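So you know, we letter chains A, B, ... as the sequences are listed, proteins then strands, and number each from 1. If you're wondering where the values come from, they're calculated on a predicted model, not measured in any experiment.
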Amino acid sequence: MTDHQDRSISPDEEEVSEEQLQAAREQRLARLTELFRRSGEQEPARLLFDYLVRYRSSSSLT
Amino acid sequence: MMKLILSEVIAKIQDLPSLPIVVLELMRNINDEESDTHLLAAKIARDQALSAKVLRLANSSFYGMQRKVNTIQQAITILGLTSVRALVTGSAVIDRYRQSKDSLLDFQAFWRHSIGTALCAKALAKKLSLNQDHAFLSGLLHDIGRLVLVTYSTQHYQAVIAYRKEHDCYLFEAEQAVLDLDHTMVGRAIMEHWKFPPLILEAVEHHHFLAAENITGLTAVVNLADCIAHALDLSADATDLVPPLSASGWRNLNISETALMDVFRETERQFEEACSILIS
């Protein structure tokens, strides 16, 4: 027997999911900042850091 | 007094486990594609564990082959002798230095970082039209000197780790401060003993660009790959730090953000599979 009922996602589930995503993004950024704590102030390390922040942000959307 | 003398460490290197004879033979002619491939394939195939690893790598996302590679001879024909040399050498070194009892060093974390650097270096070399196999090997073995130092003297390396913790500095800075030498110098020495070519020796010795000011080519690739591997947090080491990135190396490589994004992606995509094959 096939279930034809639509299972819509409740607003609560969506909110939690977005919060979790945001928390994960912040955790990744904090970890990246920690890894660059000695070298991240100077070029070109700062540029590499910026690229990685963008990379982590774009890959978390997929 | 904890200072070490490089010549004494080098003398002890002779006592370390040597690589399989077939690997030393492959190293002797690393750029020679004219070697008798049938003979070499037969020699490699005699080491079943090594052959199995090489074939798994050849069939993995590492190469993305359309058809399955079933024998070492096929691997040589399809991938080329230089690539097979790199895979055999890398696999053999990891096998020889897998884990030491009561070691100060987390060998899993060590090899995870080294494999990450190898994959990243290979991906960078592809973007820059440099030799990918040399990049892979240099990346894989760039920190081998650390394994030698840990094996040489636990007491000395304990002092290095204590210094690092106290000063929150890079490991190579702690090595220099405590031992008056570092893993890049020792790494070059052991790889010279194993008859690696000058290009790879240079890359290993200068990947922290301590002495050389202007770094280019393979050395710059390994410096950048090392930094990226740390930044991608591949070894998941809580005390990890991204080491200094060479300004001259970055300028000389002249690699775009778009290309680097591809490199990050490719490194992470291949990483777990490569680790499962090489350090299983």
Side-chain angles (χ1 to χ4, degrees), chain A, chain B residues 109 113 116 120 123-124 127 164-165 167-174 208-209 215 220-221 223-269 271:
Chain A
M1 196 161 175
T2 315
D3 184 358
H4 291 286
Q5 267 186 313
D6 271 335
R7 191 183 174 277
S8 12
I9 300 168
S10 76
D12 284 347
E13 280 179 331
E14 249 180 13
E15 219 174 280
V16 168
S17 175
E18 187 50 45
E19 270 177 15
Q20 283 176 330
L21 278 176
Q22 183 57 27
R25 269 195 288 268
E26 283 167 11
Q27 196 176 25
R28 273 196 295 272
L29 181 57
R31 177 61 181 155
L32 196 55
T33 307
E34 173 69 9
L35 287 163
F36 273 89
R37 69 185 179 281
R38 283 285 310 275
S39 60
E41 296 288 305
Q42 302 134 18
E43 299 294 349
R46 192 156 52 172
L47 203 49
L48 179 63
F49 175 79
D50 288 342
Y51 292 171
L52 282 156
V53 168
R54 284 201 275 278
Y55 169 69
R56 283 287 182 234
S57 300
S58 65
S59 57
S60 72
L61 292 172
T62 58
Chain B
H113 168 67
C120 186
L124 284 167
K127 290 288 181 190
R164 186 203 183 186
K165 202 171 164 182
H167 297 269
D168 189 32
C169 62
Y170 300 112
L171 209 38
F172 71 83
E173 287 176 327
H208 288 307
F209 63 103
I215 64 170
V221 163
N223 171 248
L224 178 54
D226 185 27
C227 292
I228 292 172
H230 281 290
L232 290 176
D233 205 13
L234 297 172
S235 65
D237 176 356
T239 63
D240 212 353
L241 268 177
V242 175
L245 177 58
S246 162
S248 68
W250 177 269
R251 190 176 55 245
N252 290 329
L253 292 181
N254 193 28
I255 187 163
S256 69
E257 179 177 357
T258 309
L260 278 173
M261 293 290 190
D262 289 341
V263 167
F264 302 156
R265 215 168 283 122
E266 191 165 324
T267 302
E268 288 198 312
R269 184 177 61 83
F271 180 66

Please classify the contact of B:Leu260 with chain A as side chain, backbone, both or neither, using a heavy-atom distance under 4.5 Å.
side chain
Can you name the closest pair of heavy atoms from B:Pro243 and B:Asp226 and give their distance?
CG-OD2, 3.7 Å
Proximity breakdown for A:Gln42 and chain B, heavy-atom pairs closer than 4.5 Å:
neither
Decide, yes or no, whether a salt bridge links B:Glu266 with B:Lys127 under the criterion of side-chain N to carboxylate O below 4.0 Å.
no
Under 4.5 Å heavy-atom distance to chain A, tell me which part of B:Asp237 shows up: side chain, backbone, both or neither.
backbone
Quick one: list whatever passes side-chain contact (heavy atoms from CB on, under 4.5 Å) with A:Gln27, sequence neighbours left out.
none
Across all chains, not counting sequence neighbours, the salt bridge (charged side-chain N to carboxylate O under 4.0 Å, His left out) partners of B:Asp233 are A:Arg31
